[in-house]
Asks: 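Questions regarding the structure given below will be posed in turn.
Proteins get letters first, then strands, A, B, ... in listed order; numbering begins at 1 in each.
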Amino acid sequence: MTDIARNRPLPAHAVESRWLPSSQGIVTAAILIFCGGLVAYPLVYLVAESLNVSGEDAFPPAEIGFGNYTDLVDDWHVLANTAFVACLATVMAIVIGFLAAWTLTRTKLPGRPQLERLMELPYYMTPLVGALAWSILAAPRTGFVNQLWHGIGGGGDLVNVYSPFGIAWVMALFEGTVAFVMISAAMKSMDPALEESARVMGAGKWRTMLTVTLPLVMPGVLGATVFVFAEMLGSFAAAFVLGLPARYVVITTAIWQAVQSFPPDYPRASALGIALFAVMFATLSFYRLIIRRGNFATITGKAFRPRTMAMGRLAWVLFAACVAYIVVAVVLPIATLLLTSTQRFATVILSQSEFTLANYQAAFGFGAVRQALTNSLLLGVGVATVGVAVMTVLVWIIYRSRAPGHGLVEYVVMFPQAVPRMVFGLALLWAWLNIPIPIYGTLWLLALAYFTVLLPLGVRTLAGVVLQIDKSLEECARVCGASWFYQLRTVTMPLLRPGIVAAWLLVFIASVRELGVSIFLVGPNAKVIAPSIVSAWLSSSSELSAALALIQTVAIFIAVIVLFRATRRYSREQA
Amino acid sequence: MSEARIEISNLVVRYGEVVAVDGVSLTVGQGEHVTLLGPSGCGKTTTLRAIAGLEEPSGGMIRIAGATVYSAAERRNVPAEKRGVSMVFQSYAVWPHMSVFDNVAYGLRVRNLPRDKVAAEVERALDLVQMRDFATRSAALLSGGQQQRVALARAIAFSPTVLLFDEPLSNLDAKLRAEMRVELRALQRRLGVTSVYVTHDQEEALAISDRVVVMNVGGIEQIGTPEDIYNRPKTRFVADFVGSANLIAGRVRSEASAGGLIGFDAEGGVALEALAVHPPTGNEDRVAVRTAYIEITAGSNGGGDANKISGSIRQRLFHGDFVQYIVDSPVGQLTVRRPPTESFDEGAAVTLSFAPEHCVLLEG
């Protein structure tokens, strides 16, 4: 037998030693400094500005005090509005999410897998597009529903979406999808044997549900409630589109107003932002506590095939409810946008309408709008490509490396989750205005901002796949003689490919739809699509904004279809 | 054991507060097949992973083929990929995104061998495990036994200096496991490669090893040939964990004779003659007798003769390959295994007897 290992000696043993910094250690340190800086640096500026009581915008502030925070008392109605709308939207989202999750995981319904996919679509629609569509549909007087109501002789307004209930409704529809996803995950990870043993002991269908299913799923529902509440607190688009016409102001829109006012009131905006950040941070910490403390006998991380129950006639009622949800959250909004964008003046009375493609010509013809479209796609592709490459290394370090500080990396990377987008955008605006590096008002700043706020999304998506990969697959490569980078290239990356594809598409989608951060960072030479929809809306052209919204939606849906195909092929390979 | 291929001295591995391996020292000779045997959590897998470089020790020294790969004193820790060892994992770790050929070729390609050499070596390795016809098959489509063979071929393809096995057979069903045991032993003999094998299955350990290292709570209980371990267990743990044995309590009565035999006063006033591998220190209070080494004769005529104990059969369990009797005797209940050719009824008065060298004094 030939002795290859001896004939071809690998590099000398003595060179390598753990007391010398390893390649993993260096990469970990670099990532910590870079990501930590990206997140922390703007927030430092924001905190400083919120304490600025000198009346002059400068960094560091000439005078420091808590005046801006004590002034928040005068804004009590803004705070009360925020809490009210967030609670209302959370309740709606959880009720819808729970019913849909239970229906789609536990009952025998026709077309269940397709329905499950469709249920996720409202999330990809985005709250901005949803709010626009619902505004066109249900605004007082001019809304399509009210037009029809007047048309058949009704008096007054049948519906009014420019109200707290309207805002909460749109938020629940388009941002509450996450409740459905989280609750169905909790239901799917429950071992059916737990229920089966109750049945075997003699408990009936309903008794089993009350004594076993519900108590086991409750921690998941509670977690989803807290998480969704935090999301709703930081939500901007629906309150912006539907709240401002009715002068119903929440924190996020108050921040926007403070920045847009002349002269801009940055200290007040900063204080509002920090207050919102504090509440959201506390809420998410509470969420983490629930997740960790909860006795998750059900959440084993293992997916089970839940046993489905035949529901008889009730199945059709549930089926109809799911279809109704998809109609109000997807079909109706898209139909509205389609109709509006192809008319000169939006109306639902077709006999009065003038059909035209002028809005699309404007969308693709106007230099500014076309620029925004190209920029958004460019940023989406760029951020997704570079970002996911970095995130993959990050995820590997968090879950596989033993280099010191890998736990800290996870914390840093997940931190942007707790910062409301609006607040982070404001912080970046303020930070980069005060820095002599000329990237403010360029796509570079937007790219950096997107990368930072999308870190949690990408890392979580990739982590799901990394954790499924048996550790010994990688260890074996090392034992066979592969270096860390060789192992990443030949074993880790190929095994991660489905996760990388999914993460790429999700980051792309999230970049293209991004509004909260972008709205503060766009400049004359750096426009992107979502803020352009907002400005079109503000210049009261609902037809042009509908066209833009539809273009954005189409771009996102194409990516979504690719995503669904990729993940479906992956889950088939896994099976 | 011409020259030492692996030397481990005073190895310590900690997981935070927990000491998983506590001062293990061991030498493995060229071409030797050594098995680390012990219950789960005894530190056997951790020791193996420390040899491979997958676990970072916190004390001691490991040398492979004369080169120090880990030394706390010299602050040296050679990474796994530069140790020239190879490993078969419990989960096989066959890469599902590669073909069988690519899996086996991995270690060769890492070493930048020319293409024709890679092909030749892969073929040779696949031949050894009878998987040549599967070379182009995707590894995701293999059965458990086939994956096991691919993992083995991959491990031997690049002719490592040392081969490590981490419970490689534990995921196979009983029948396949017995088959693979025979094949592994034959392969190991043919290649003459130095190997360290980890298992919790004592039968497997005895069947395939040159030497067995019995481990418990992070330390070594006994090192010896399979026959040594079975016939002359040093401690109560080894007697209990390897094979099945009766432990009889009592006191050493007399100094060791020339043949290492001593007198032992067992409980119930029974005088035994026992083997002391080392001169007794005075702390010993137990002897071990293998259940298979006790003979049963009908009638209670024993009284007086050394190593003859009279008793009565309390329970008889027919196992097929053997019959197990629980016998009440003055020294307590004894378990005896006899071939199914003999048969005694429950309640029968019998005499138990065993040779002095099968009655082993355990360390106190």
Side-chain angles (χ1 to χ4, degrees), chain A residues 1-25 400-404 407 465 468-500 570 572-575, chain B residues 49 52-56 64-65 67-71 74-98 102-103 105-113 117 120-121 124 140 151 154-162 164 166 190-193:
Chain A
M1 174 173 147
T2 52
D3 196 341
I4 295 159
R6 209 182 311 164
N7 294 345
R8 293 210 159 220
L10 289 154
H13 289 154
V15 187
E16 213 58 42
S17 140
R18 83 177 164 110
W19 283 274
L20 289 175
S22 63
S23 42
Q24 289 178 32
R400 283 286 198 260
S401 153
R402 294 189 194 155
V465 188
Q468 278 176 7
I469 297 176
D470 183 3
K471 215 173 178 172
S472 51
L473 290 172
E474 295 177 332
E475 286 176 348
C476 189
R478 299 304 288 276
V479 172
C480 282
S483 67
W484 182 46
F485 287 109
Y486 192 91
Q487 167 227 312
L488 280 181
R489 187 166 63 78
T490 56
V491 174
T492 311
M493 288 290 189
L495 288 172
L496 271 177
R497 194 177 299 135
I500 289 175
Y570 173 62
R572 214 186 297 142
E573 273 169 15
Q574 289 293 97
Chain B
R49 289 170 59 86
L54 296 172
E55 216 66 64
E56 211 178 288
I64 296 174
T68 306
V69 293
Y70 172 80
S71 163
E74 290 174 50
R75 306 194 131 206
R76 175 181 294 178
N77 187 27
V78 177
E81 67 267 27
K82 298 196 174 150
R83 294 192 176 193
V85 304
S86 187
M87 186 159 167
V88 179
F89 289 80
Q90 184 170 14
S91 58
Y92 316 139
V94 171
W95 297 303
H97 60 294
M98 298 181 190
D102 291 337
N103 261 283
Y106 195 87
L108 300 159
R109 287 180 179 153
V110 167
R111 286 165 176 75
N112 291 322
L113 290 176
K117 178 91 173 148
E121 292 294 329
R124 182 186 62 89
R154 180 178 60 187
I156 59 179
F158 63 93
S159 307
T161 49
V162 166
L164 306 173
D166 182 12
R190 182 133 49 111
L191 297 177
V193 61

Asks: Check whether any side-chain heavy atom of B:Pro160 sits under 4.5 Å from a side-chain heavy atom of A:Val479, and report yes or no.
Replies: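 No, their side chains stay 4.5 Å or more apart.
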Asks: Does the B:His97 side chain pair with the main chain of A:Thr490, one donor and one acceptor, at a distance under 3.5 Å?
Replies: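 It does hold such a pair.
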Asks: Pick from B:Met87, B:Arg83, B:Glu81: which one makes a side chain to side chain contact (heavy atoms under 4.5 Å, CB included) with A:Arg478?
Replies: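 Filter result, single survivor: B:Glu81.
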Asks: Please report the C-alpha distance between A:Lys471 and B:Phe89 in whole Å, then the side-chain angles of each, then the deciding distance to 0.1 Å, and finally whether the side chain to side chain contact (heavy atoms under 4.5 Å, CB included) criterion is met.
Replies: CA-CA 10 Å; A:Lys471 215 173 178 172; B:Phe89 289 80; over 6 Å; no
Asks: Taking only residues two or more places apart in sequence, or in another chain, which ones meet A:Arg497 in a side chain to side chain contact (heavy atoms under 4.5 Å, CB included)?
Replies: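 Testing A:Arg497 for side chain to side chain contact (heavy atoms under 4.5 Å, CB included), a comparison that skips the adjacent residues, returns A:Pro494, A:Val501.
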Asks: Check each atom of B:Arg49 against the heavy atoms of chain A and say whether the ones under 4.5 Å are side chain, backbone, both or neither.
Replies: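 The side chain, not the backbone.
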Asks: Taking all non-hydrogen atoms of both residues into account, name the closest pair between B:Tyr106 and A:Ala477 and its distance.
Replies: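 The pair with the smallest heavy-atom distance is OH-CB, 3.6 Å.
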Asks: Suppose we screen for side chain to side chain donor-acceptor pair (under 3.5 Å). Which residues come up paired with A:Ser472, at least two apart in sequence or across chains?
Replies: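 In terms of side chain to side chain donor-acceptor pair (under 3.5 Å), with neighbours along the sequence ignored, A:Ser472 is linked to A:Asp470, B:Ser91.
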Asks: For B:Val110 versus A:Ala482, what's the shortest heavy-atom pair and its separation?
Replies: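 Heavy atoms of B:Val110 and A:Ala482 come nearest at CG1-N, 3.8 Å.
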Asks: Return the SG to CG distance between A:Cys476 and B:Asn103, rounded to the nearest 0.5 Å.
Replies: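 With rounding to 0.5 Å, SG (A:Cys476) is 8.0 Å from CG (B:Asn103).
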Asks: Contact part of B:Val88 toward chain A, heavy-atom cut-off under 4.5 Å: side chain, backbone, both or neither?
Replies: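 Contact with chain A is absent: no heavy atom of B:Val88 under 4.5 Å.
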